[in-house]
4 protein chains.
Amino acid sequence: MIMTLDFQSDFPIYKQIRNQIIEGIAKGLLKPGDPLPSVRMLAQDLSVNMHTINKAYQLLKQEGFIQIHRQRGVVINPDGFPKITDDYLAILQESLRPLIGESVCRGMKEEAFLDRCRKLFQQMEKGGEGQ
Amino acid sequence: MIMTLDFQSDFPIYKQIRNQIIEGIAKGLLKPGDPLPSVRMLAQDLSVNMHTINKAYQLLKQEGFIQIHRQRGVVINPDGFPKITDDYLAILQESLRPLIGESVCRGMKEEAFLDRCRKLFQQMEKGGEGQ
Amino acid sequence: MIMTLDFQSDFPIYKQIRNQIIEGIAKGLLKPGDPLPSVRMLAQDLSVNMHTINKAYQLLKQEGFIQIHRQRGVVINPDGFPKITDDYLAILQESLRPLIGESVCRGMKEEAFLDRCRKLFQQMEKGGEGQ
Amino acid sequence: MIMTLDFQSDFPIYKQIRNQIIEGIAKGLLKPGDPLPSVRMLAQDLSVNMHTINKAYQLLKQEGFIQIHRQRGVVINPDGFPKITDDYLAILQESLRPLIGESVCRGMKEEAFLDRCRKLFQQMEKGGEGQ
DNA sequence: GTGGTCTAGACCACC
DNA sequence: GTGGTCTAGACCACT
């Protein structure tokens with residue numbers, strides 16, 4: 001799975017990594033039980049500090065997306081993923097609110113916005129690496 | 001317009017202020033030409049430092065949502081708002097992507113996600129203060 | 001002579017007024033001895049505070065472009081204008097330097113820049129109100 | 001690169017810093033990809049507050065002259081510089097207009113003015129530190 | 001009174 | 001170590 005980082009972004013590197021792994025899961029490129037590269041390997045591949053990879057992995061583990069074993073290394077959680085909790089819905093709502101607010105200001109129609117979302121859902125379902 | 005800040009949020013305060021003003025515009029609570037409180041007034045109202053308000057205002061000015069007028073003070077841009085540029089669509093896409101990625105992982109259906117968006121659009125259109 | 005003010009500009013209003021009067025002189029629209037509107041009149045015309053007009057006039061007087069008489073009012077200096085002093089050349093140089101620096105960065109050719117200057121000179125010589 | 005500030009100038013310090021960095025680029029002293037001193041280091045070197053430097057850097061970043069890279073720190077934009085847009089030409093024109101207006105009033109010949117410009121262009125091309 | 005600028009000092013997240 | 005954010009308090013130019 002290819003990963004691209006933006007070192008100018010407001011988003012910290014470790015969160016970009018976390019997001020792209022989650023995206024990989026959503027697209028089905030990463031399936032429950034699949035192994036992930038070691039901290040050291042991924043750090044080298046992305047030319048990033050090991051601490052940064054570690055932080056991303058710890059976050060994913062804490063959220064329940066991956067498991068970290070001393071021996072077997074890092075794997076996508078084989079026991080399923082976190083569910084849609086009320087907490088998650090609240091966070092999702094508060095994340096969407098400013099995006100929708102700005103879109104309305106700029107004159108975007110509801111349907112145009114929904115279409116954008118639909119396209120992204122299709123990208124996830126199709127699973128390809130495609131943009 | 002009522003504004004509520006979350007000092008514990010990982011979103012910086014100045015961005016929360018920016019977002020809520022944009023939301024106010026989207027809801028129609030703030031119309032082109034409407035005056036905004038002075039930097040110092042709003043700072044006092046929100047129990048926040050002057051510079052934090054200033055940062056929010058400078059950002060909104062740079063984005064084209066407000067004007068800082070030598071006579072009239074700070075006003076909602078009377079000449080209209082920024083349009084839906086390709087740049088904006090790209091940013092929107094990259095902002096939505098991780099949200100949709102995670103939702104898919106958690107097993108959320110496309111329609112459930114779209115419904116969330118629709119509700120937020122309706123909140124903006126109705127214009128009430130409602131959460 | 002038409003005057004247009006930009007209330008969003010970084011330039012203070014009184015300096016914009018000063019500049020446009022000097023421009024009027026350069027274009028020959030205002031000749032030595034010509035009367036200028038009274039502070040009160042001009043303030044009303046431009047919807048600007050009297051203090052602002054006063055400041056512009058005081059600056060022009062101090063620089064030697066106009067004279068202010070109790071009785072006859074404000075007139076373009078009939079005794080000629082300030083000359084090209086070393087001080088003026090130094091200021092001019094320091095004002096041009098950042099403009100040229102930025103133009104070079106952006107890839108503007110020397111001739112293209114000089115052409116811009118020539119055009120502005122011609123505008124002044126022709127004297128019209130034309131942009 | 002040596003930088004000199006005039007604390008008495010009516011130009012704010014952060015703009016002087018911005019201008020001198022742009023000048024450094026124009027002269028070729030600063031090349032795409034070159035690192036700039038950290039906010040705190042430069043602040044100490046110039047005996048100026050950190051925030052003032054930050055303001056200059058943020059401005060240069062927003063204009064596209066530098067990048068703030070999570071790993072490499074602050075660097076001259078390696079992807080090239082902003083182009084000559086219509087917006088820039090308009091700003092340039094409005095910046096030159098009052099300079100040329102006053103020069104005409106003071107009896108400066110067009111060629112004398114252009115010569116001043118040519119000298120500054122040569123300074124930039126030569127690249128020396130020379131005033 | 002306004003916004004604009006600057007200082008000094010602090011805490012934080014990130015790398 | 002870096003930049004990002006926030007505070008408190010100050011001065012200034014402008015309107």
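In the text below, chain A, chain B and the rest are named by the order of the sequence lines, each starting its count at 1. Worth knowing before you read on, the calculation uses all heavy atoms, side chains too, and leaves out hydrogens, waters and symmetry mates.
Contacts of D:Pro32 classified as side-chain contact (heavy atoms from CB on, under 4.5 Å), with partners at least two apart in sequence or in another chain: D:Phe81. Evaluation of the side-chain hydrogen bond (donor to acceptor under 3.5 Å, both in side chains) rule for B:Gln71 yields no partner, not counting sequence neighbours. In terms of the side-chain hydrogen bond (donor to acceptor under 3.5 Å, both in side chains) criterion, A:Thr52 has no residue partners (sequence neighbours excluded). Residues meeting the side-chain hydrogen bond (donor to acceptor under 3.5 Å, both in side chains) test with D:Gln44, sequence neighbours left out: none. When the ring pair (Phe, Tyr, Trp, His ring centres under 6.0 Å) test is applied to C:Phe7, the partners found at least two apart in sequence or on another chain are B:His69. Applying the side-chain hydrogen bond (donor to acceptor under 3.5 Å, both in side chains) criterion to A:Gln8, with sequence neighbours excluded, gives D:Gln67. Residues satisfying the ring pair (Phe, Tyr, Trp, His ring centres under 6.0 Å) test with A:His51, not counting sequence neighbours, are none.
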**Study point:** Annotated protein contacts, base or backbone, on nucleotides 3-10 of chain E with a non-hydrogen cut-off under 4.0 Å, one of B, S, - each
**Key:** BBBBBBBB
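With rounding to whole Å, C:Asp10 atom CG is found 17 Å from F:dA13 atom P. B:Gln8 has its CD atom 12 Å from the P atom of E:dA13, to the nearest Å.
For the strand DNA chain E, secondary-structure stems (runs of at least three Watson-Crick or G-U pairs, all distances below 3.5 Å) span E:1-14 with F:1-14.
The phosphate of F:dC14 (OP1 or OP2) has no side-chain N or O of B:Arg70 nearer than 4.0 angstrom.
No more than 12 heavy atoms of other residues, nucleotides or ligands shown are found within 6.0 angstrom of CE on B:Met41.
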